[in-house]
Amino acid sequence: QVQLVESGGRLVQAGSSLRLACVASGSTFSRYAMGWFRQAPGRERDVVAAINWSGGGTQYADSVQGRFTISRDNTKNMVYLQMDSLKPEDTAVYYCAASRYVGVFTTSSNYHYWGQGTQVTVSS
């Protein structure tokens with residue numbers, strides 16, 4: 001079992017940067033592949049970025065490629081999402097997720113544990 005808590009979401013203007021953080025507890029963090037997902041009102045929960053256990057493998061949604069960066073610090077049980085050049089369409093609740101599988105995963109069905117989410121709102 002692992003518990004995940006996200007932080008860092010807030011209201012920002014378009015073009016701004018924001019860093020989300022997710023802290024894990026309850027199990028050996030380095031065993032888990034991690035991902036960031038987001039869900040806007042009336043839309044499905046979609047992957048934003050994913051990272052493998054070591055941080056050596058990452059994948060991004062096309063819509064955030066080149067603007068967002070996922071990283072992790074296994075010594076601190078943390079995973080981060082650096083978001084630059086934010087756009088109004090990035091507005092959503094952002095969720096951190098952990099997978100027991102080995103690899104990099106972009107589908108929500110591969111994830112076993114979820115945080116409660118943090119709201120990011122980008123004004124135009």
Side-chain angles (χ1 to χ4, degrees):
Q1 286 278 354
V2 62
Q3 293 77 46
L4 304 171
V5 179
E6 304 95 335
S7 62
R10 60 183 178 93
L11 171 64
V12 297
Q13 290 189 331
S16 299
S17 295
L18 199 59
R19 189 175 83 155
L20 304 183
C22 173
V23 60
S25 61
S27 187
T28 304
F29 178 66
S30 61
R31 293 180 178 176
Y32 297 91
M34 301 297 296
W36 284 98
F37 290 75
R38 67 185 180 188
Q39 187 168 21
R43 303 192 64 175
E44 294 184 353
R45 188 174 299 187
D46 293 323
V47 68
V48 176
I51 191 167
N52 72 342
W53 72 273
S54 69
T58 59
Q59 289 192 41
Y60 296 91
D62 290 344
S63 59
V64 307
Q65 181 77 46
R67 299 190 298 123
F68 290 11
T69 304
I70 188 171
S71 62
R72 65 189 296 162
D73 185 339
N74 288 342
T75 66
K76 297 181 179 178
N77 289 2
M78 299 289 295
V79 62
Y80 305 99
L81 185 68
Q82 177 66 41
M83 305 186 293
D84 299 321
S85 303
L86 282 162
K87 304 176 181 180
E89 51 263 43
D90 294 319
T91 295
V93 177
Y94 283 71
Y95 298 91
C96 172
S99 172
R100 296 195 298 262
Y101 301 144
V102 176
V104 182
F105 305 101
T106 58
T107 55
S108 59
S109 60
N110 285 314
Y111 288 85
H112 303 91
Y113 307 102
W114 295 83
Q116 83 291 345
T118 186
Q119 176 71 49
V120 173
T121 303
V122 184
S123 63
S124 57

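Predicted, not measured: the structure shown is a model, and the values here were computed from it. Numbering starts at 1 and runs along the sequence shown.
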Report task. Report yes or no: is the cationic atom of R19 (NZ for Lys, CZ for Arg) closer than 6.0 Å to the six-membered ring centre of Y80, at no more than 45° off its axis? Result -> yes

Report task. Kindly work out whether a path of hydrophobic side-chain contacts (I/L/V/M/F/W/Y, heavy atoms less than 4.5 Å apart) joins V64 to F105. Result -> no

**Report entry** Which atom of S16 lies closest to which atom of V12, heavy atoms considered
**Finding:** CB-CB, 4.0 Å

Requested in this report: Determine whether M34 and W53 fall in the same hydrophobic cluster, where Ile, Leu, Val, Met, Phe, Trp and Tyr are linked whenever their side-chain heavy atoms lie under 4.5 Å apart.
Outcome: no

**Report entry** Smallest separation among heavy atoms of S123 and L11, with atom names
**Finding:** CB-CD1, 4.3 Å

Report summary line: Interatomic distance, OG@S124 vs NZ@K87, rounded to 0.5 Å, equals 14.0 Å

Query raised in the report: Say you draw a straight line from SG of C22 to CG of N77; how long is it, rounded to the nearest 0.5 Å?
Result: 10.0 Å

Requested in this report: Please lay out, stage by stage, how V120 and M83 fare under the test side chain to side chain contact (heavy atoms under 4.5 Å, CB included).
Outcome: CA-CA 10 Å; V120 173; M83 305 186 293; 4.0 Å; yes

Query raised in the report: Looking only at heavy atoms, what is the nearest atom pair of L4 and A24, with distance?
Result: CD2-CB, 3.7 Å

Query raised in the report: If two hydrophobic side chains count as joined below 4.5 Å and joins carry through other members, does V47 share a cluster with I70?
Result: no

Requested in this report: Please name the pair of heavy atoms, one in V104 and one in I51, separated by the smallest distance, quoted to 0.1 Å.
Outcome: CG1-N, 4.2 Å

Using a 3.5 Å cut-off and no angle test, enumerate the donor-acceptor pairs between side-chain atoms of residues 93-103 and protein atoms at least two apart in sequence or in another chain.
{"unit_1": "Y94", "atom_1": "OH", "unit_2": "R38", "atom_2": "NH1", "d": "2.9"}
{"unit_1": "Y94", "atom_1": "OH", "unit_2": "D90", "atom_2": "O", "d": "2.6"}
{"unit_1": "S99", "atom_1": "OG", "unit_2": "Y101", "atom_2": "N", "d": "3.1"}
{"unit_1": "S99", "atom_1": "OG", "unit_2": "N110", "atom_2": "O", "d": "2.7"}
{"unit_1": "R100", "atom_1": "NH1", "unit_2": "Y113", "atom_2": "OH", "d": "3.2"}

Query - Audit row: W36, E6, side chain to side chain contact (heavy atoms under 4.5 Å, CB included) steps and yes/no - result: CA-CA 10 Å; W36 284 98; E6 304 95 335; 3.8 Å; yes

Query raised in the report: Going hydrophobic residue to hydrophobic residue with side-chain gaps under 4.5 angstrom, can you get from Y111 over to F29?
Result: no

Query raised in the report: How far apart are the closest heavy atoms of L81 and A49, and which atoms are they?
Result: CD1-CB, 4.1 Å

Query raised in the report: Transitively linked via ILVMFWY side-chain contacts under 4.5 Å: V122 with F37?
Result: no

Query raised in the report: Does the pair Q3 and V23 meet the rule for a side chain to side chain contact (heavy atoms under 4.5 Å, CB included), with working shown?
Result: CA-CA 8 Å; Q3 293 77 46; V23 60; over 6 Å; no

Query raised in the report: Heavy atoms, side chains only, cut-off 4.5 Å: are T91 and Q119 in contact?
Result: yes

Report summary line: Here the pair of heavy atoms bringing R72 nearest to A33 is NH1-CA, 4.1 Å

Report task. Give the intermediate values and the outcome of side chain to side chain contact (heavy atoms under 4.5 Å, CB included) for residues Y60 and T69. Result -> CA-CA 8 Å; Y60 296 91; T69 304; 3.8 Å; yes

